[in-house]
Amino acid sequence: MRVRTPRTVAEAEAIQDELRPLLDLTGPGPERPATVAGVDVAYDGDRLAAAVAVLDGTTLEVLEEVTVTGRTAFDYVPGLLAFRELPALLDALERLSLVPELVVCDGYGLAHPRRFGLACHLGVLTGLPSIGVGKTAFVGSHAEPGPARGSQADLVLDGEVVGRVLRTRDGVKPVFVSVGHRVDLDTACRNVLGLTPAHRLPETTRVSDRLSRAALSGAR
DNA sequence: GCGACAG
DNA sequence: ATCTTGTCGC
């Protein structure tokens, strides 16, 4: 599948509003996924490298890795990240031999100005269960979660819960979790905790991050 | 009107 | 995202 590349911000927002109804927020989604994919993109000017890493959901062992390189076709605009990263990510996902039971994205899903962040967009276009894990605040307000790993606080936007601020390590800055497609928020958070046995960020994003950077430098 | 703003 | 040294802690 391909991403429609908009020419303007207005066009991009219209596409998000058009795809938003296709979201499946029914859940619950995979509780103990056998395979989980992490996706990430690295940049160097207008060059980019997208990476997908599929890990065993239990042992977190890397089962498969795919990278693709290309050029940016859309500048970064807050709220429109998907149009910048999705073309290359979908390209990489299509080259996978394994079909992951869950995809973990770098960024946000439902916690988005129009409720259609990168994780939602990727999920709708691929049909795969997906969630978003952001490292910094984007939208919504929240209380400070407790200091212990596992502590959570609702992320609220316009009066509705759109995500959760989750502490994955004792005393370490929390991550922002929101659902993408075919997964509910509690299941998303449980999966994130299962993917963070030793670090703040999920192993899936750590592996795909390293992979995309390596592919970027190796492709020159 | 003026900032803030995933990666 | 990316630009970047030393430094604290497991």
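Everything numeric in this text was worked out from a predicted model, so none of it was measured.
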Colleague: How would you give the extent of chain A contacts on DNA chain B, as first and last nucleotide 5' to 3' within a 4.0 Å heavy-atom cut-off?
Modeller: B/dC5 to B/dG7

Colleague: Return the NE2 to OG1 distance between A/H181 and A/T126, rounded to the nearest 0.5 Å.
Modeller: 7.0 Å

Colleague: Salt bridge or not between A/R210 and A/D40? Use side-chain N to carboxylate O under 4.0 Å.
Modeller: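 No, no charged N to carboxylate O under 4.0 Å.
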
Colleague: How long is the span from the CG atom in A/L110 to the CG atom in A/L23, to the nearest 0.5 Å?
Modeller: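 Interatomic distance, A/L110 CG to A/L23 CG, rounded to 0.5 Å: 6.0 Å.
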
Colleague: Pair up each side-chain donor or acceptor in residues 72-84 of chain A with any protein partner under 3.5 Å, not counting sequence neighbours, and list the distances.
Modeller:
| unit_1 | atom_1 | unit_2 | atom_2 | d |
| --- | --- | --- | --- | --- |
| A/R84 | NH1 | A/F74 | O | 3.1 |

Colleague: Can you confirm whether the side chains of A/S97 and A/E64 place a donor and an acceptor under 3.5 Å from each other?
Modeller: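 Their side chains do contain a donor-acceptor pair, which is all the 3.5 Å distance test asks for.
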
Colleague: Using a 4.0 Å heavy-atom cut-off, does A/A42 contact any base of the nucleic acid, only the sugar-phosphate backbone, or nothing at all?
Modeller: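 Touches sugar-phosphate only.
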
Colleague: Without swapping roles, check the side chain of A/R200 against the backbone of A/R169 for a donor-acceptor pair under 3.5 Å.
Modeller: no

Colleague: Base, sugar-phosphate alone, or nothing: which one does A/L48 contact when heavy atoms must sit under 4.0 Å apart?
Modeller: nothing

Colleague: Which dot-bracket string describes DNA chain B (Watson-Crick N1-N3 plus N6-O4 or O6-N4, or G-U N1-O2 and O6-N3, all under 3.5 Å; [ ] crossing; | other strand)?
Modeller: .......

Colleague: Check this for me, if you would: do A/R149 and A/D170 make a salt bridge, where the nitrogen-to-carboxylate-oxygen distance has to be below 4.0 angstrom?
Modeller: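 A/D170 and A/R149: not salt-bridged.
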
Colleague: Might you list the N or O atoms of the protein lying below 3.5 Å from N or O atoms in nucleotides 5-10 of chain C, with each pair's distance?
Modeller:
none

Colleague: Would you please test A/R115 and A/E160 for salt bridge (Lys or Arg N to Asp or Glu O under 4.0 Å) and show each step?
Modeller: CA-CA 11 Å; A/R115 307 296 191 277; A/E160 56 181 299; 3.0 Å; yes

Colleague: Expressed in angstrom and rounded to an integer, what is the separation of A/F83 atom CZ from C/dA1 atom P?
Modeller: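 The distance from CZ of A/F83 to P of C/dA1 comes to 20 Å, rounded to the nearest Å.
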
Colleague: Would you mind classifying the nucleic acid contact of A/G117 as base, sugar-phosphate or nothing, using non-hydrogen atoms under 4.0 angstrom?
Modeller: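 The answer is base, as A/G117 lies within the cut-off (heavy atoms under 4.0 Å) of a base atom.
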
Colleague: What pairs meet the ring-ring contact (aromatic ring centres under 6.0 Å, His included) rule with one or both residues in residues 3-49 of chain A, with sequence neighbours excluded?
Modeller: none

Colleague: Any Lys/Arg nitrogen of A/R47 or A/D44 sitting under 4.0 Å from an Asp/Glu carboxylate oxygen of the other?
Modeller: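 Answer for the salt bridge query: yes.
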
Colleague: NA contact type, A/G79, heavy-atom cut-off 4.0 Å: base, sugar-phosphate, or nothing?
Modeller: base

Colleague: Calculate the interatomic distance between A/E85 atom CD and C/dA1 atom C1'; express it in whole Å.
Modeller: 8 Å

Colleague: Is there a donor-acceptor contact under 3.5 Å from the side chain of A/R114 to the main chain of A/D17?
Modeller: no

Colleague: Take A/E144 and A/R167 through the test salt bridge (Lys or Arg N to Asp or Glu O under 4.0 Å) and record every step on the way to the result.
Modeller: CA-CA 10 Å; A/E144 174 73 7; A/R167 188 90 63 187; 3.1 Å; yes

Colleague: How is the base pairing of DNA chain C summarised as a dot-bracket string, given the Watson-Crick and G-U wobble criteria with both distances under 3.5 Å, [ ] for crossing and | for another strand?
Modeller: ..........

Colleague: Check every strand shown and say whether A/L86 touches a base, only sugar-phosphate, or nothing at a heavy-atom separation below 4.0 Å.
Modeller: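 Result for A/L86 = nothing.
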
Colleague: So that I can tick it off, tell me whether A/R213 and A/D209 are bridged by a salt bridge, with the cut-off set at under 4.0 angstrom between side-chain N and carboxylate O.
Modeller: yes

Colleague: Hey, does A/Y108 reach any base, or is it just sugar-phosphate, or nothing, if we go heavy atoms under 4.0 Å?
Modeller: base

